[in-house]
Amino acid sequence: MATLIRHAKPAQDSWLRLEPAAEGAPPAIPERGDLLVPLKLWQSSAGVLLGRPSGRIGVWLAPDEDPALIADSLDALALVAVFFPQFTDGRGYSTARLLRERYGWRGELRAIGDVQRDQLFYLSRVGFDAFELNDGIDLQSALSAFADFSEAYQTSVERPLPLFCRRSTEAA
Amino acid sequence: MVSTISGVRLRVLQMYRYDEVDQRLVDERVAQFRDQTRRHLAGQLSEDDFRPLRLQNGLYIQRFAPMLRVAIPYGLLSSRQLRALAYIARRWDRGTGHFSTRQNIQFNWPKLAEVPDILAHLASVQMHAIQTSGNCIRNTTTDHLAGVAPDEIVDPLVWCELVRQWSTFHPEFAYLPRKFKIAVSGAEQDRAAIQVHDIGLQALHGENGEIGFRVWVGGGLGRTPVIGTVIREFLPWRHMLSYLEAILRVYNRYGRRDNKYKARIKILVKELTPDLFRAQVEAEWAHLKDGPATLTGAEVRRIEGRFTRPQYRKLEPLPLQYTQALAREPGFARWVGRNVHAHKVPGYAAVTLSLKKTGVPPGDATAEQMDAVADLADRYSFGELRVSHEQNLILSDVRQSDLHALWHEAKALGLATPNIGLISNIISCPGGDFCALANAKSIPVAEAIQRRFDDLDYQHDIGELDLNISGCMNSCGHHHVGHIGILGVDKQGAEYYQVSIGGAQGNEASLGRVIGPAFAQDEVPEVIARLVETYLARRDSEAERFIDVVRRIGIEPFRENIYGNTHQTREARAGQLAAA
């Protein structure tokens with residue numbers, strides 16, 4: 001199982017991730033347990049998913065999937081994840097900011113896929129608070145990544161006011 | 001020439017000085033890269049995973065060795081910084097630096113393990129190599145005469161620094177589909193090539209005198225050259241960052257990632273159409289407008305206050321000793337005519353030190369030259385200088401009364417070639433001698449052309465002519481916007497050169513048209529000579545420049561004067577080959 005970091009600490013993962021369906025056949029939906037499902041499955045089977053006897057539901061988005069598509073579902077979800085096919089595919093960074101800043105997602109926002117140590121600082125700034133590390137990433141080194149920089153110029157989820165506004169408040 | 005923002009006058013600015021946070025961030029970047037390099041060399045970070053990280057620190061792996069590209073934000077350098085670059089050239093390179101077409105400097109021989117030390121040395125003089133490569137927002141460029149040009153409407157430097165800070169470590173835009181270049185211009189004449197950048201910001205005054213920007217998007221050179229489109233006629237200054245954010249977000253989300261040759265924003269703008277692209281940006285901006293990224297007058301004044309200001313004296317314009325020297329010494333007058341530029345403060349001038357001496361790779365400067373130029377800057381120009389996108393160095397604040405003495409010193413250093421705007425002021429990439437991407441060499445071609453036109457009288461007679469050379473389609477030598485452009489191409493493993501004419505930069509930006517099949521390296525100088533010959537025969541007066549004639553008569557007459565003969569030589573050569 002992949003190593004999980006949540007709120008900058010090692011964490012246990014209770015979630016089972018389902019992959020998109022192969023041609024035609026919808027994936028089997030387990031009866032119990034926390035399930036992280038692809039967007040398409042959520043769109044086609046929300047009723048079934050929410051009607052299970054136990055367990056929470058989360059949705060994961062591919063890089064080309066618009067977070068607006070789950071904006072109205074967020075109340076029903078316990079986790080939203082964004083998939084990075086390669087760490088160099090930066091679309092998920094915009095997805096995260098939109099989820100946090102535009103659609104008001106306050107629950108766990110998890111980066112999954114090719115998640116490595118050297119992207120954690122930026123990922124945390126755009127609103128991710130959980131990270132499923134790719135195989136072979138050293139956990140201790142990864143935990144130190146959140147302190148790579150002590151300040152930032154821009155507006156971001158983690159510090160909504162840009163440095164220039166915070167500076168003038170401090171000065172005032 | 002004073003602009004107002006919230007009632008405060010913006011004066012001539014010189015160098016931006018880091019504050020504690022600026023310095024801390026650059027220091028932390030050095031520590032971060034030191035750790036990344038250590039992990040890479042220890043085998044804990046694979047080459048594939050390390051590559052994007054080192055690129056965002058300016059480090060390429062090149063033909064012979066790594067190449068380190070150091071940012072010179074919007075082209076401004078202090079003499080102290082230039083001395084630090086000279087030190088780096090001596091200690092970690094082979095004694096030379098190459099000034100690039102994007103107001104950067106490149107070192108061609110550093111060792112990977114030593115790069116963190118070089119970055120630490122840069123940080124000690126408020127410099128860095130952050131985001132000088134990779135698929136991120138690159139070094140912001142501007143007019144090399146920013147602040148001093150008489151035709152300036154708005155000094156772009158404050159806005160450049162604001163863009164620099166905003167784009168530095170922007171967490172959302174570090175892994176874009178492709179590289180992203182922003183240029184800012186604030187003068188009537190565009191000297192920053194804003195129409196061929198991913199975003200060009202043209203600073204101007206709105207109806208009530210307020211500063212704002214005309215926003216160009218989707219220009220670029222490379223393998224698909226495009227002149228940008230205006231997507232907003234006037235953007236009030238306080239919205240600059242939120243609007244940039246909207247453009248970048250649309251690009252980050254929808255720019256193509258399936259094909260690196262179609263991944264620049266220009267392709268997205270083209271495929272969507274500029275109107276649809278504009279609509280998407282405006283829709284995105286509607287959410288961001290007036291949000292926390294909205295600039296404040298206090299911040300603009302704070303940034304402005306961190307720039308040093310030259311302490312100009314009240315001087316008589318055109319002092320007698322200067323005008324007498326002009327009348328007495330034709331060599332001096334010629335240099336002044338080409339390399340000295342008007343200044344908005346009476347009695348001062350801006351001076352280009354040419355890095356285009358025949359036999360020296362365009363844009364190259366030795367450590368000794370850098371140290372010497374730093375001394376010149378200290379003695380003649382308030383300790384500051386600029387780097388132009390035409391790969392020359394500018395002393396921006398020289399007293400007219402000092403020009404004659406400066407000319408003598410620059411001549412002794414080999415930096416007084418009076419060729420700015422002339423055919424031998426060639427813009428060239430490093431080409432196949434250094435660059436792993438190049439199809440063909442650039443530097444020997446530049447040199448051969450400079451030798452062919454070595455006669456300065458002839459060059460001056462030809463007049464203004466931009467000749468640009470790129471060693472491959474990536475177009476680092478901006479060949480598309482040269483009045484004459486030369487592109488290195490690969491023809492069955494051999495190096496050939498495609499020639500285009502009719503390109504131009506600036507307000508009347510246009511893309512050159514290829515005149516016909518490519519030439520072998522040794523044919524190029526003769527081809528250029530024929531183009532010039534056609535121009536001289538067809539111009540209606542000396543005032544009609546090469547580019548004007550191409551625009552008036554088209555490329556056909558130029559083509560005819562070349563291909564008749566070249567075909568013959570080709571056929572003759574084919575005959576010889578067949579006989580052999």
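Side chains included, hydrogens not; waters and symmetry mates left out as well; all remaining heavy atoms used. So you know, we letter chains A, B, ... as the sequences are listed, proteins then strands, and number each from 1.
When each of B:R257, B:Q36, B:E245, B:H170 is scored by its heavy-atom pairs under 4.5 Å with chain A, the top score falls to B:R257. With chain A as the partner, the residue from B:L53, B:L176, B:D49 showing the most heavy-atom pairs under 4.5 Å is B:D49. Contacts with chain B were tallied for A:R91, A:R125, A:R102, A:Q116; A:R102 has the most, counting heavy-atom pairs under 4.5 Å. Interface remark: of the candidates A:I137, A:V126, A:D138, A:V126 forms the most heavy-atom pairs closer than 4.5 Å to chain B.
Heavy-atom distances place no part of B:Q44 under 4.5 Å from chain A, backbone and side chain included. Contact of A:D66 with chain B is made through backbone and side chain together, with heavy-atom distances under 4.5 Å. Heavy-atom distances place no part of A:L123 under 4.5 Å from chain B, backbone and side chain included. B:L248 does not touch chain A: none of its heavy atoms, backbone or side chain, sits under 4.5 Å away. Looking at B:R24, only its side chain comes within 4.5 Å of chain A, counting heavy atoms on both sides. Interface residue B:Q165: backbone and side-chain heavy atoms are both found under 4.5 Å from chain A. Contacts between A:S141 and chain B at a heavy-atom distance below 4.5 Å involve the side chain alone, from C-beta outward. With a 4.5 Å cut-off on non-hydrogen atoms, A:E101 touches chain B through its side chain but not through its backbone. Proximity to chain B involves both the backbone and the side chain of A:D89, based on heavy atoms less than 4.5 angstrom apart. With a threshold of 4.5 angstrom between heavy atoms, B:D22 approaches chain A through its backbone and through its side chain. Residue B:L25 touches chain A through both its backbone and its side chain, counting heavy-atom pairs closer than 4.5 Å. Using a 4.5 Å cut-off between heavy atoms, B:R29 touches chain A through backbone and side chain atoms alike. There is no contact between B:I303 and chain A, counting heavy-atom distances below 4.5 Å. There is no contact between B:R51 and chain A, counting heavy-atom distances below 4.5 Å. In this structure, chain A has heavy atoms under 4.5 Å from both the backbone and the side chain of B:E284. Within the 4.5 angstrom heavy-atom criterion, only side-chain atoms of B:E299, from C-beta onward, approach chain A. Both the backbone and the side chain of A:F87 come within less than 4.5 Å of a heavy atom in chain B. With a threshold of 4.5 angstrom between heavy atoms, B:D35 approaches chain A through side-chain atoms but not through N, CA, C or O.
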Determine, stepwise, if the pair B:F169 / A:Y153 fulfils ring-ring contact (aromatic ring centres under 6.0 Å, His included). CA-CA 8 Å; B:F169 309 144; A:Y153 292 114; 7.7 Å; no
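Two residues are said to be in side-chain contact when any heavy atoms from C-beta on lie closer than 4.5 Å; B:L41 and B:F50 fail this criterion. Between B:T141 and B:K181 there is no side-chain heavy-atom pair separated by less than 4.5 Å. In this structure the side chain of B:D19 reaches within 4.5 angstrom of the side chain of B:R306, judged on heavy atoms. B:F277 has its side chain within reach of B:L268: a pair of non-hydrogen atoms, C-beta onward, lies under 4.5 Å apart.
The aromatic ring centres of A:Y93 and A:Y122 sit 6.0 Å or more apart. Ring to ring, B:F180 and B:F173 are not that close: their centroids are 6.0 angstrom or more apart.
For the residue pair A:S94 and B:N252, a side-chain donor N or O sits within less than 3.5 Å of a side-chain acceptor on the partner. Side-chain contact of B:E282 with B:Y243: a donor-acceptor pair under 3.5 Å is present, judged by distance alone. With 3.5 Å as the limit, one finds a donor-acceptor pair spanning the side chains of B:Q32 and A:D148.
The aromatic rings of A:F131 and A:F128 sit tilted relative to each other, their planes meeting at an angle between 30° and 60°. Ring geometry for B:W285 against B:H239 counts as perpendicular: the plane angle is over 60°, on a 0 to 90° scale with 30° as the lower cut.
For A:Q12, the CD atom sits in a loose shell: 12 or fewer heavy atoms of surrounding residues, nucleotides or ligands are nearer than 6.0 Å.
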